[in-house]
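I have placed the structure first, in the form of structure tokens, so that the comments after it can refer back to it.
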Amino acid sequence: MFFCIISNVSYSQEKDQLDNALLKSKELNLELHVKWHSLIHYERGILSSSSSVTNQEFFLSSQGQQKPQEELRATISAFFNYPESQCRFPARLMWLKSVMPNIQFPKANCPEYHSFMNSFRTNSISVVYASGYLGNPASMYGHVLLKFNDLSSNELLDNTYSYGATVLDSDNKLTYIYKGITGGYQGHFANQKYHHQNLTYNESELRDLWEYRLKLTQYDIDFLLAHLWELENTSMTYYFFKQNCGYQLARLLELVIDKPLLAPTKIWVMPYDLIMMLNQPETIKYVEKVIYHGSRQEDLYNRFNQLNHEEKMCVESIIKHPQEETLRILRSLDEESAKKVIDTMYDYYAFIEVKHDGLSDEQVSKRKQLLTERFYLPEEQLKWKKTNKQPPHMAQNTAMIQLSPLYNESYGNGAMVRFRANYYDLLNLNAARIPYSELKTFDLSLLYTEEQKLWSVRELVLFNIINLSVSKTGLAEDASHAWALGAGYKPTSLSCIDCSDMYVNGFLGESLSLSDNFAGYVALAGEIQFSDLSSSNVKSGPEIGGVLTLAPFWKTSLKIGSYYDLSNLAEHENYLKWEQRFFENRNFDFRISVRYDDVFEYAINFSTYW
């Protein structure tokens with residue numbers, strides 16, 4: 001009977017504590033708290049509101065997905081009635097203890113969770129931004145991930161978490177784009193060692209990594225890890241232009257950074273937006289430092305540019321001449337120069353091996369021969385200078401509005417308003433982006449003319465991709481083909497107002513670089529125009545162009561070409577586009593442009609970016 005009395009007293013005390021906790025949570029309106037909504041991933045929509053998590057197992061209430069108040073009540077009740085539920089939701093417990101410090105929650109034994117924390121706990125975390133990769137639609141806009149820095153061991157063994165879509169191996173690129181835009185995939189957070197990220201981005205895809213090390217307390221880091229434990233085996237609907245890696249990582253970090261990390265003026269999200277938001281005046285205090293991790297390709301470029309003329313000629317000769325000549329060429333140099341050439345050649349072959357998925361037998365033999373020779377040289381390591389590259393947050397923002405007064409030889413004065421959702425063009429400030437490239441999506445232009453005194457849709461670029469693939473070394477196999485691909489709706493000629501058709505166009509050619517500030521190309525261009533699916537007009541012809549940077553505030557681009565109608569080669573048309581950017585500012589620029597397609601058109605363009 002004595003034990004029954006003790007048991008009843010204990011039960012009564014726990015029930016009182018539960019009642020007190022529920023009452024206190026209601027007094028504090030915790031069901032409306034931003035952090036609680038973040039913990040259950042509750043999203044407010046125009047027509048409806050619910051959690052973005054699609055697994056019912058994530059919720060302790062059957063109504064928890066739609067009703068935060070019910071999930072909060074169920075969580076508090078479960079923590080008292082079934083203390084082991086704390087092991088499933090440790091971040092919820094940490095938060096409840098922080099907002100209701102006087103409530104004594106029952107203790108629970110959670111060996112699996114504690115083992116997880118012992119393996120993952122660090123005192124430093126970083127946001128890592130992988131630059132864009134135009135060879136894959138999934139990677140064109142870059143990627144962000146979270147890295148937990150164990151400063152006592154090799155960085156490659158650090159743990160990382162990233163958010164991505166679960167894609168079937170059978171899905172091709174067009175299927176991926178369609179499903180990614182329409183929400184056809186489920187996304188989830190996945191843990192991998194940093195060496196996997198380094199191999200994927202730095203080595204295999206030749207993408208630069210930029211690490212933004214954050215200044216967070218140990219409690220904040222533990223809180224993030226606790227919530228990542230909660231998200232294990234959960235999924236959310238993945239959307240390419242919003243609920244992507246940038247969006248979910250921003251939401252995760254908002255648990256510990258008391259500032260918005262999603263751009264308030266955008267309804268879409270890009271990975272770059274998180275980097276931009278972390279470097280605002282109100283959030284820059286959370287960034288301790290920025291660390292650059294160059295790709296294998298950038299390592300080659302950095303070392304090659306530090307060679308003198310004789311050493312560069314030696315590298316070119318080793319590549320060009322047969323293996324039997326390698327040692328003779330190398331031994332014509334002094335010891336220090338020979339070591340520099342060998343190091344550069346090692347990076348060259350590593351780059352070529354990635355680019356072509358392997359080396360030829362002769363290249364393998366040359367590399368082995370060079371490494372063997374290196375063992376006979378003094379062991380002293382060379383001191384290579386680190387490359388000085390601008391970090392991503394120094395680039396212009398990705399959304400643009402442009403206002404342009406213009407004069408057209410056919411219909412006189414007019415004005416154009418242009419909105420570009422993403423991302424950048426050849427003339428933007430493109431820090432940490434692919435050099436001499438362009439990636440535009442949803443670029444809409446509205447035209448007003450004094451002749452008609454009304455607005456009309458002039459052009460809609462669904463996407464336009466340009467990659468000049470310029471070689472920075474001039475070495476064999478360094479450069480790729482210059483190429484472009486675009487699609488949308490545009491005028492068939494600048495001489496008419498209401499004459500736009502759908503189109504697909506592009507070019508394939510060779511690039512050339514006469515200096516670090518100039519890239520040009522010569523290509524065969526083509527275009528298909530069609531007003532409906534029953535008829536089309538196919539044109540093709542030569543095109544030349546280039547981009548010149550005289551100063552950061554003075555950059556110009558030019559393209560000139562001629563299209564021949566493939567159904568009647570006697571008919572052809574010439575076209576030209578020249579554009580000049582002034583100013584060096586992340587938020588705005590001023591441009592002038594001249595275009596020719598049947599008639600000339602002149603414009604002054606004022607652009608703002610956000």
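Keep in mind that the numbers below use all heavy atoms, side chains included, and drop hydrogens, waters and symmetry copies.
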What pairs meet the salt bridge (Lys or Arg N to Asp or Glu O under 4.0 Å) rule with one or both residues in [range], with sequence neighbours excluded?
range            : result
residues 436-446 : R418-D443, E438-K440, K440-D443
residues 114-131 : R121-D222
residues 187-206 : E203-R296, E205-R207
residues 183-192 : none

Any donor-acceptor pair under 3.5 Å from [X] side chain to [Y] backbone:
X    : Y    : value
H37  : R44  : no
N244 : F240 : yes
T398 : A421 : no
S25  : L22  : yes
T122 : S124 : yes
N154 : L156 : yes
D158 : D150 : yes
T283 : M277 : yes
R581 : F583 : yes
N397 : A399 : no

Shortest non-hydrogen separation from [X] to [Y] and the atoms involved:
X    : Y    : result
M140 : L134 : CE-O, 3.6 Å
Y201 : L145 : CE1-CD2, 4.0 Å
Y194 : K147 : CD1-CD, 3.7 Å
S38  : L255 : CB-CD2, 3.6 Å
L18  : S77  : CD1-CA, 3.7 Å
E459 : V461 : OE2-CG2, 3.5 Å

remark   = CG of L429 to CG of N585, rounded to nearest 0.5 Å, is 8.0 Å
note = The reported gap from CG in L406 to CD1 in I604 (rounded to nearest 0.5 angstrom) is 10.0 Å
request  = Decide yes or no on side chain to side chain contact (heavy atoms under 4.5 Å, CB included) for Q396 and Y424, but give the supporting numbers first.
outcome  = CA-CA 8 Å; Q396 279 175 316; Y424 64 92; over 6 Å; no
query = Do Q66 and S49 pass the side chain to side chain contact (heavy atoms under 4.5 Å, CB included) test, and can you show the C-alpha distance, the side-chain angles, and the key distance before you say yes or no?
reply = CA-CA 7 Å; Q66 287 78 32; S49 301; over 6 Å; no
Indicate whether any N or O donor in one side chain lies under 3.5 Å from an N or O acceptor in the other, for [X] and [Y].
X    : Y    : value
N422 : Y141 : no
S235 : Q186 : yes
S126 : N149 : yes
S295 : N202 : no

Would you please name every residue forming a ring pair (Phe, Tyr, Trp, His ring centres under 6.0 Å) with [X], sequence neighbours left out?
X    : answer
F590 : F582, F606
Y129 : none
H195 : none
Y133 : none

Check whether more than 12 heavy atoms from other residues, nucleotides or ligands sit under 6.0 Å from atom [atom1] of [X], and answer yes or no.
X    : atom1 : result
Y82  : OH    : no
K35  : NZ    : yes
N20  : CG    : yes
N172 : CG    : yes
I267 : CD1   : no

inquiry  = For a ring-ring contact (aromatic ring centres under 6.0 Å, His included) check, start with the C-alpha distance between H393 and Y212, then their side-chain angles and the critical distance, and finish with the verdict.
reply    = CA-CA 10 Å; H393 65 271; Y212 287 77; 5.6 Å; yes
D589 vs Y609, side chain to side chain donor-acceptor pair (under 3.5 Å): CA-CA, chis, key distance, verdict = CA-CA 9 Å; D589 63 34; Y609 302 89; 2.7 Å; yes
With ring centroids as reference points, do [X] and [Y] lie under 6.0 angstrom apart?
X    : Y    : value
F79  : F89  : no
F148 : F120 : no
W268 : F241 : no

Salt-bridge contact [X]-[Y] (side-chain N to carboxylate O under 4.0 Å):
X    : Y    : value
R88  : E230 : no
E254 : R251 : yes
R591 : D425 : yes

query = Would L225 and M117 satisfy side chain to side chain contact (heavy atoms under 4.5 Å, CB included), going step by step from the backbone distance to the final call?
reply = CA-CA 7 Å; L225 281 170; M117 289 299 291; 3.8 Å; yes
task = Would you check, one step at a time, whether the test side chain to side chain donor-acceptor pair (under 3.5 Å) holds for Q402 with S607?
result = CA-CA 4 Å; Q402 187 178 87; S607 306; 2.8 Å; yes
Throw together a table of side-chain donor-acceptor distances under 3.5 angstrom for residues 90-99, partners on residues two or more places apart or in other chains.
| unit_1 | atom_1 | unit_2 | atom_2 | d |
| --- | --- | --- | --- | --- |
| R92 | NH1 | E71 | OE2 | 2.7 |
| R92 | NH1 | T75 | OG1 | 3.0 |
| R92 | NH2 | F58 | O | 3.0 |
| S98 | OG | W95 | O | 2.6 |

task = May I have all residue pairs that pass disulfide bond (SG atoms under 2.5 Å apart) and include part of residues 144-230, sequence neighbours excluded?
result = none
Pairwise disulfide bond (SG atoms under 2.5 Å apart) hits with a residue in residues 122-197, at least two apart = none
inquiry  = Between T166 and H188, is the side chain to side chain donor-acceptor pair (under 3.5 Å) condition met? List the steps.
reply    = CA-CA 8 Å; T166 304; H188 67 282; 3.1 Å; yes
Report all side-chain donor-acceptor pairs from residues 101-116 shorter than 3.5 Å, counting only partners two or more places apart or in another chain.
none

ask   = For F189, which of Y238, Y163, Y161 qualifies under ring pair (Phe, Tyr, Trp, His ring centres under 6.0 Å)?
value = Y163
